[in-house]
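A quick write-up on the structure given underneath.
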Amino acid sequence: MGSSSMETNKVKLENTLGLIRNWLEIPKDVTSNILKLLGAVDLVMNARLVCPMWREICRDPLMWKSIEMINGLHSPHNLEKICMYAVDQGGDHVEEINVEYFVTDDLIRRLAER
């Protein structure tokens with residue numbers, strides 16, 4: 001029995017047992033609360049790209065009240081650009097920004113201007 005056939009049988013069994021969840025059936029406010037547990041980098045680089053509903057949730061300025069970017073020491077991403085994107089998304093709703101290890105005088109200046 002090939003791995004493709006075994007995977008098909010597994011999916012059929014999970015469907016029969018009701019184990020497969022359609023993440024789009026989760027209420028939007030619950031999904032929003034789950035996504036709020038992610039950091040800004042994961043929201044920008046991953047979550048908003050998953051599906052239209054997650055993208056819409058990530059566009060909500062209230063998602064960006066607290067911007068947490070504390071594990072960026074060896075990140076392959078442009079953290080300053082991600083931080084500014086997050087601040088732009090949050091607009092007047094941003095209440096707290098926590099950045100470590102990558103902050104520059106220019107970023108602080110730009111954040112202060114916002």
Checklist entry - For the hydrophobic clusters of this structure (ILVMFWY residues joined by side-chain heavy atoms under 4.5 Å, transitively), does one cluster hold both Leu62 and Met53? => result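 No, Leu62 and Met53 fall in different hydrophobic clusters.
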
Checklist entry - Same cluster or not: are Val50 and Leu38 linked, directly or through other Ile, Leu, Val, Met, Phe, Trp or Tyr residues, by side-chain heavy atoms under 4.5 angstrom apart? => result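 Looking at the clustering, Leu38 is in the same group as Val50.
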
Gap separating the [atom1] atom of [X] from the [atom2] atom of [Y], nearest 0.5 angstrom:
X: Leu43; Y: Leu49; atom1: CG; atom2: CG; answer: 10.5 Å
X: Ile57; Y: Cys51; atom1: CD1; atom2: SG; answer: 7.5 Å
X: Leu35; Y: Asn46; atom1: CG; atom2: CG; answer: 11.0 Å

Next on the checklist: Suppose we screen for side chain to side chain donor-acceptor pair (under 3.5 Å). Which residues come up paired with Gln89, at least two apart in sequence or across chains?
Outcome noted: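 Result, side chain to side chain donor-acceptor pair (under 3.5 Å) vs Gln89: none returned.
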
Checklist entry - For Asn98, which residues count as a side chain to side chain donor-acceptor pair (under 3.5 Å) partner, sequence neighbours excluded? => result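 In terms of side chain to side chain donor-acceptor pair (under 3.5 Å), with neighbours along the sequence ignored, Asn98 is linked to Glu68.
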
Checklist entry - Side chains of Trp64 and His93: closer than 4.5 Å at any heavy-atom pair? => result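 Not in contact.
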
Item to check | Residue pairs involving residues 55-67 (criterion salt bridge (charged side-chain N to carboxylate O under 4.0 Å, His left out); sequence neighbours excluded) | outcome: Lys28-Glu56, Lys65-Glu95

Checklist outcome for this item: For residues 35-54, the salt bridge (charged side-chain N to carboxylate O under 4.0 Å, His left out) pairs (sequence neighbours left out) are none

Next on the checklist: Could you work out, with side chain to side chain contact (heavy atoms under 4.5 Å, CB included) as the rule, every residue matching Val103, not counting sequence neighbours?
Outcome noted: Val99, Leu107, Ile108

Item to check | Partners passing side chain to side chain contact (heavy atoms under 4.5 Å, CB included) against Met45 (at least two apart in sequence or in another chain) | outcome: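 Testing Met45 for side chain to side chain contact (heavy atoms under 4.5 Å, CB included), a comparison that skips the adjacent residues, returns Val41, His77, Ile82.
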
Next on the checklist: Looking at Asp106, I'd like to know if its CG atom is crowded, meaning that more than 12 non-hydrogen atoms belonging to other residues, nucleotides or ligands lie closer than 6.0 Å.
Outcome noted: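 It does: Asp106 CG has more than 12 such atoms within range.
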
Checklist entry - Of all heavy-atom pairs between Cys58 and Met63, which one has the smallest distance, and what is that distance? => result CA-CG, 4.5 Å

